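Residue numbers start at 1 and run along the sequence shown. Just the heavy atoms: all of them, side chains too, but no hydrogens, waters or symmetry mates, feed the values below. Predicted model only: the values in this text are computed from it and were never measured.
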Amino acid sequence: VAYYFINHYENRVKEGSTVAGKCMFVCMNRPIAFKFYNILKNKRPEWFELKVASEGAILSDKDKKELIPMPMCKFIATRSKDDPQEMYDLLVNDSDRKNAAIQFKNINSNFKIAIVVDLWLTGFDVPFLDTIYIDKPLAQKHTIIQTVSRVNRSFANKDSGLIVDFIGIKLVL
C-alpha cells in the first residue's frame with residue numbers, strides 16, 4: 001500500500017491532477033500509521049526535510065509571517081504514555097497539532113501529506129484538499145460521509161475530489 005501510495009501521489013502531482021498536492025491518508029490504527037510513516041520516511045526521505053514551502057512557491061507577505069518549516073509528510077494523532085518511545089516522540093501535543101492544522105490549511109505550506117487515524121476526519125475543512133486515501137473500515141454512516149466529504153469542498157480550479165479506497169468501504173443507507 002505504501003509503495004502504491006508513493007507512486008500514485010507522485011504521478012498525480014507530476015500530472016497536475018491535484019490543486020495543491022494536499023492529501024490525507026487514513027490508516028486503521030496508530031501502529032499501522034506509524035509503520036506506514038516509517039516506510040515513507042525510508043523511501044522518500046526528502047519528504048521529511050523541514051521547509052516553509054515547496055520549491056518555486058510564491059509566498060505573500062502574510063505567508064512569510066505565518067508559515068513555519070514543516071516536513072511534507074506528517075503523522076497526526078494523539079499520543080499515549082504506552083506508545084513506543086519513537087512513536088511518542090513523533091506525536092506532538094495538542095498545541096503542536098493545532099499549529100500543524102494551521103499549516104496544512106495553508107495552500108502554500110510545505111506540509112502536504114497528513115497521515116491520520118481518527119483526527120481530522122470530521123469537521124476539518126481544507127477546500128483545496130482533493131485526495132483522500134482510505135485504508136480503514138469506517139463503520140458509522142456519519143463518519144463515512146464526513147470522511148469522504150473532506151475532498152468534496154469547492155475550490156477554484158478543483159472540479160472533483162478523489163477517494164482511493166484500499167479497504168472496500170460499504171455504505172448502507
**Prompt:** Going through the checks in order, is the side-chain contact (heavy atoms from CB on, under 4.5 Å) test met by N157 and F128?
**Reply:** CA-CA 9 Å; N157 300 320; F128 44 84; over 6 Å; no

**Request:** Before giving the answer on side-chain contact (heavy atoms from CB on, under 4.5 Å), spell out for V164 and I132 the whole-Å C-alpha distance, their side-chain angles and the decisive distance to 0.1 Å.
**Result:** CA-CA 6 Å; V164 180; I132 189 165; over 6 Å; no

**Message:** Go through it in stages, so that I can follow the logic: the residues are M28 and I167, the test is side-chain contact (heavy atoms from CB on, under 4.5 Å), and I'd like the CA-CA distance, side-chain angles, deciding distance and then a yes or no.
**Reply:** CA-CA 10 Å; M28 191 172 307; I167 202 86; 3.8 Å; yes

**Item:** side-chain contact (heavy atoms from CB on, under 4.5 Å) evaluation trace for F25 with V116
**Value:** CA-CA 6 Å; F25 194 102; V116 300; over 6 Å; no

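Annotation: salt bridge (charged side-chain N to carboxylate O under 4.0 Å, His left out) contacts of D83 (sequence neighbours excluded): R30. Residues passing the salt bridge (charged side-chain N to carboxylate O under 4.0 Å, His left out) test with K158: none are found, sequence neighbours excluded.
Linking Ile, Leu, Val, Met, Phe, Trp and Tyr residues whenever their side-chain heavy atoms come within less than 4.5 Å leaves I76 and I113 in two separate clusters. Both I134 and F104 are assigned to one and the same hydrophobic cluster, defined by single-linkage of ILVMFWY side chains at heavy-atom distances under 4.5 Å.
Contact annotation: the side chain of L67 approaches that of L59 to within less than 4.5 Å [non-hydrogen atoms, C-beta and beyond].
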Contacts table for residues 34-54: side-chain donor-acceptor under 3.5 angstrom, sequence neighbours left out:
{"from": "N38", "atom 1": "ND2", "to": "F34", "atom 2": "O", "distance (Å)": "3.1"}
{"from": "R44", "atom 1": "NE", "to": "E10", "atom 2": "OE2", "distance (Å)": "2.6"}
{"from": "R44", "atom 1": "NH2", "to": "E10", "atom 2": "OE1", "distance (Å)": "3.1"}

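Applying the 4.5 Å side-chain rule to ILVMFWY residues, one finds that I58 remains a lone member of its cluster.
Between the side chains of Q85 and D89, at least one donor N or O lies within less than 3.5 Å of an accepting N or O.
Separation of atoms CD (Q103) and CE (M70) is listed at 6.0 Å; rounding is to 0.5 Å.
Of all the heavy atoms in S80 and Y88, the pair that sits closest is O-CD1, 3.2 Å.
Taking the six-membered ring for Trp and thresholds of 30 and 60 degrees, Y133 and F166 have nearly parallel ring planes, at less than 30 degrees apart.
Residues in residues 14-25 take part in these side chain to side chain donor-acceptor pair (under 3.5 Å) pairs, two or more places apart or across chains: E15-S17, T18-D130. Judged as a salt bridge (charged side-chain N to carboxylate O under 4.0 Å, His left out), not a single pair has a partner in residues 56-80 (not counting sequence neighbours).
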